[in-house]
Amino acid sequence: MSPRKPNMESSIYLGSDGWWHGRITMGVKNDGSPDRRHRRAKTEAEVKRKVKELERLREEGRAPKAGRKPTVEQWMTTYLSTIANLKLKPRSLDDYWSKTRNDIVPGLGQHRLDKLQPEHLERMYADMLEEGHAPSHVLKVHRILSRALKIAHRRRIISENVALLVDPPSVDETEANPFSRAEAKAFLLAAAKRPTFMRWLVGVGMGFRQGECLGLRWAYVDLDAELFHPRWQLQRLTWRHGCADPHACGARLHRFEPCPHPCTAHKHYTRGCPSPCPRDCTRHASTCPARKGGGLVFTRPKTKKSQQPVPIPPPFIPHLLTHREAQQVAREAAGELWEDHDAVFTRPDGRPLDPRADWEEFKKLLEEAGISDRRLYDGSRHTAGTILNELGVDMPTIMEILRHTQISQTRRYVKGRSELSKEAMRRMGDAFLPPPRATSETQSETSRARAERAKRRRRIR
C-alpha cells in the first residue's frame, strides 16, 4: 500500500478516458469543505504546466476563487448594483449603466471573466470605431470595463486584468474656443434683455458650471461677505423602476423593430429615432407608477474643492439685488402656484431652470450676439479662465477661482491669445534691438547734407 501524499501536494494521473488529469488542493471553501481544483490535458507535460501554474498562484495568494466564474454581463451587473453605486455620484453611475447596457454587454456580455482575452476587447473597440463612435467614447468604455475587472482581480475572481494589456484609442484633447472680451460683452448685452441675465453673468463672469449655476440657492449666497458657496448642483438623473417586474411595467412602450424610413413618429426628434428595445428590455422607468431617483435633482458636487466659496465681483452685487427683488415680485404674482426651492435662478412658478432649456437659450443668445457656435463650457469656464489670464491674474489664483484640484487642469482651460503673443514678441524684439528712430517727412535738407550726398555720388562713380 502506497504512503499517503502530504497535505497540499498535487496528484497527476492518466485517466481511463485517455486524458491526463491533475488534482490540486487550494485550501478550504467558505463552507469548510476542501477546495480541490481539476486540470486536464492531452499530454503529461501540459497538465504538469497547468498544475504548476495553479500552485504558483496558490503560493502567491492570487489564486481565483472556487466555483464557476460569472460572465461579463453578470459581473458588470453585480459591480454596478452593489459596488460602484456606493462610491459613484448618481450622474456618473447613470453613465456607467448606459455604456454597459449599450456597448459592453452587446460586445462582450457572454464571455466568462476567466476566459476573456485582450483580443476580445480590441475587436470590440475596433467595431465601435467602425460604427462611428468617437475615440473618447471608446476610451470611456475601456475605463469602465478596466475598473470593473480591477475589482474582480482584487477579489480573486480572475487571475489577471486583461484590460491592462490593451491600448485604448488615443484621444485628441478638445481645443477650447472661449469668448474674446468683445464677444463676452456682446453676449451679455444680448442676455441683458432677458430675465435670466444674472444667470449668464455668473456663468460667463465667474466661470460657474451649468449645474452649479442652476443649483445655486439663496441660503448659500452671502451678500455681506460677497461670497457664493456652490454647495449644490442641479442635474437631470435617469428614472429607475420601483416595481417588481420592470419588463412587464414598460410592456406597452416596448418596440423591438427599427422605425420605417421615412419615420413620421419621430421626425421632430433632434437625435433621430430611438434605437429598438432588447428582448429583455427593462427601460421606460419614467412611466413606472413607483419610479424613483430621477428627474431634476439637487446633488452635491463631485469634489470638496468644487464646494469652496467664490468671491462675487463687487459690480455684480447691484445686479444680484435687482434680480432678487424681481424674483420676489414673481413670487407674489404666482401666489399659490409658486414652488419654493430656494433657487436663485427659477422659472416663473419657482421651479429651477431646466438644463435643456438653458442650453437652448445659450444657443439663441449666440445667434443674437452674432457669435459663432460654441460649447456651453467654452462660453463659461473657458472664457472666465482665459480673460482672467489676459488681465494678468496668475495661474494659482485662477485655479482657486475655478476650483480645480490641479494646476495642470487649469492650464487646459486657459487658452492663449494671439494679441498677447504679439505683444510679448514685440517686447522681446525691443530687448534685443532698439526701435527705429522716427523721421519727420517735413524735414528740409540742409546745405551740408547736400554736399555730403554729392560727395558720396562722386566716390561711387
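Just so you know, residue 1 is the first one in the sequence shown, and it goes up from there. Reckoned from all heavy atoms, side chains included, excluding hydrogens, waters and symmetry mates.
- In this structure, Thr287 has no side chain to side chain donor-acceptor pair (under 3.5 Å) partners at least two apart in sequence or on a different chain.
- In summary, Glu46 and Arg49 engage in a salt bridge, as defined by a charged side-chain N under 4.0 Å from a carboxylate O.
- Proximity of a side-chain donor or acceptor of Thr78 to a complementary backbone N or O of Gln74 within less than 3.5 Å is detected.
- For Ile24 against Ser10, the heavy-atom pair with the smallest separation is CG2-OG, 3.5 Å.
- Partners of Asp167 by side-chain contact (heavy atoms from CB on, under 4.5 Å), not counting sequence neighbours: none found.
- Taking all atoms of both residues into account, the shortest heavy-atom contact from Leu237 to Pro90 is CD1-CB, 3.5 Å.
- Atom NZ of Lys89 is separated from atom NZ of Lys302 by 9.0 Å, given to the nearest 0.5 angstrom.
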Might you work through the side chain to side chain contact (heavy atoms under 4.5 Å, CB included) test for Trp232 and Leu216, ending with a clear yes or no? CA-CA 6 Å; Trp232 295 93; Leu216 196 61; over 6 Å; no
Please tabulate, for side-chain N and O atoms in residues 104-119, each donor-acceptor pair with protein atoms closer than 3.5 Å (sequence neighbours left out).
| unit_1 | atom_1 | unit_2 | atom_2 | d |
| --- | --- | --- | --- | --- |
| Gln110 | NE2 | Glu73 | OE1 | 3.3 |
| Arg112 | NE | Asp114 | OD1 | 3.2 |
| Arg112 | NH2 | Asp114 | OD1 | 3.4 |
| Arg112 | NH2 | Asp114 | OD2 | 2.7 |

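- Atom-to-atom distance recorded for Leu139:CG and His133:NE2 is 14.0 Å, nearest 0.5 angstrom.
- Taking CD1 from Ile387 and NE2 from His382, the interatomic distance works out to 13.0 Å, rounded to the nearest 0.5 Å.
- Shown here for Pro178 and Thr386, the closest heavy-atom pair between the two residues is CG-OG1, 3.5 Å.
- The two residues Leu165 and Glu160 come nearest to each other via the heavy atoms CD1-OE2, 3.8 Å.
- Taking 4.5 Å as the limit, some side-chain heavy atom of Leu365 sits within range of a side-chain heavy atom of Arg194.
- At distances below 3.5 Å, at least one donor-acceptor pair connects side-chain atoms of Lys50 with backbone N or O atoms of Arg40.
- Using modelled atom types, one finds a donor on one side chain and an acceptor on the other under 3.5 Å when comparing Thr196 with Glu361.
- Trp359 carries Arg356 over the face of its six-membered ring, with the cationic atom under 6.0 Å from the centre and within 45° of the normal.
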Side chain to side chain contact (heavy atoms under 4.5 Å, CB included) evaluation trace for Arg381 with Glu212: CA-CA 12 Å; Arg381 292 181 72 74; Glu212 293 171 345; 4.3 Å; yes
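- Phe316 pairs by the ring-ring contact (aromatic ring centres under 6.0 Å, His included) definition with nothing, not counting sequence neighbours.
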Go through Leu391 and Arg181 one step at a time and tell me if the side chain to side chain contact (heavy atoms under 4.5 Å, CB included) criterion holds. CA-CA 11 Å; Leu391 295 175; Arg181 274 188 266 188; 3.4 Å; yes
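- Across all their heavy atoms, Cys288 and Gly242 have their closest contact at SG-N, 3.7 Å.
- Within the 4.5 Å cutoff, no side-chain heavy atoms of Pro276 are placed close to those of Phe256.
- If you look at Phe187 and Phe179, their ring centroids are closer than 6.0 Å.
- Side-chain atoms of His247 come within 3.5 Å of backbone atoms of Cys281 as a donor-acceptor pair (strictly under, hydrogens ignored).
- Using modelled atom types and a 3.5 Å distance limit, the side chains of Asp95 and Ser98 yield no donor-acceptor pair.
- Counting heavy atoms from C-beta outward, Met76 and Tyr96 have side chains that stay 4.5 Å or more apart.
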Would Met395 and Arg411 count as a side chain to side chain contact (heavy atoms under 4.5 Å, CB included) if you check the C-alpha gap in whole Å, the side-chain angles of each, and the deciding distance to 0.1 Å? CA-CA 8 Å; Met395 282 293 173; Arg411 291 194 177 98; 4.3 Å; yes
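- Residues Pro274 and Arg255 have side chains in contact (heavy-atom distance under 4.5 Å, counting atoms from C-beta outward).
- Side-chain contact check for Arg36 and Thr25: at least one donor-acceptor pair (N or O, by modelled atom type) lies under 3.5 Å.
- His21 places a side-chain heavy atom less than 4.5 Å from the side chain of His38.
- Here His261 pairs with nothing under the ring-ring contact (aromatic ring centres under 6.0 Å, His included) rule; sequence neighbours left out.
- Comment: Lys48 does not engage Glu55 in a salt bridge, judged by the lack of any side-chain N to carboxylate O separation of less than 4.0 angstrom.
- Under the 4.0 Å criterion applied to side-chain N and carboxylate O atoms, Arg347 and Asp349 are not assigned as salt-bridge partners.
- Side-chain rings of Tyr13 and Trp20 stay apart, their centers remaining 6.0 Å or farther from each other.
- Side-chain atoms of Glu122 never come within 3.5 Å of backbone atoms of Val166 as a donor-acceptor pair (strictly under, hydrogens ignored).
- In this structure, the side chain of Arg236 does not engage the main chain of Gly295 through any donor-acceptor pair within 3.5 Å.
- Environment of NZ in Lys305: crowded, with over 12 heavy atoms of neighbouring residues, nucleotides or ligands closer than 6.0 Å.
- Judged purely by atom type and a 3.5 angstrom limit, Gln233 uses its side chain to pair as donor or acceptor with the backbone of Arg300.
- Side chains of Pro311 and Leu227 form a contact here, defined as non-hydrogen atoms less than 4.5 Å apart.
- With respect to the salt-bridge test (charged N to carboxylate O, under 4.0 angstrom), the residues Arg37 and Asp35 qualify.
- Rounded to the nearest 0.5 angstrom, Lys363 NZ and Arg374 CZ are separated by 10.0 Å.
- Between the side chains of His404 and Thr410, at least one donor-acceptor pair of N or O atoms lies under 3.5 Å.
- Residue pairs meeting the side chain to side chain donor-acceptor pair (under 3.5 Å) criterion with at least one member in residues 134-144, sequence neighbours excluded: Asp103-His137, Tyr125-His142.
- A cation-pi geometry, defined here as NZ or CZ lying under 6.0 Å from the six-membered ring centre and within 45° of its normal, holds between Arg217 and Phe298.
- When ring centroids are compared, His284 and His241 stay outside the 6.0 Å threshold.
- Between Arg199 and Val344 the shortest side-chain heavy-atom distance does not fall below 4.5 Å.
- A salt bridge links Asp378 with Arg375: the distance from a Lys NZ or Arg NE/NH1/NH2 to an Asp or Glu carboxylate oxygen falls below 4.0 Å.
- Remark: Leu80 CG to Leu88 CG distance equals 8.0 Å, nearest 0.5 Å.
- Contact record, Pro230 with Pro301: O-CG, 3.6 Å, taken as the closest heavy-atom pair.
- A heavy-atom distance below 4.5 Å is not found between the side chains of Pro352 and Thr346.
- Distance check, rounded to the nearest 0.5 Å: CZ of Arg231 to OG of Ser306 gives 12.0 Å.
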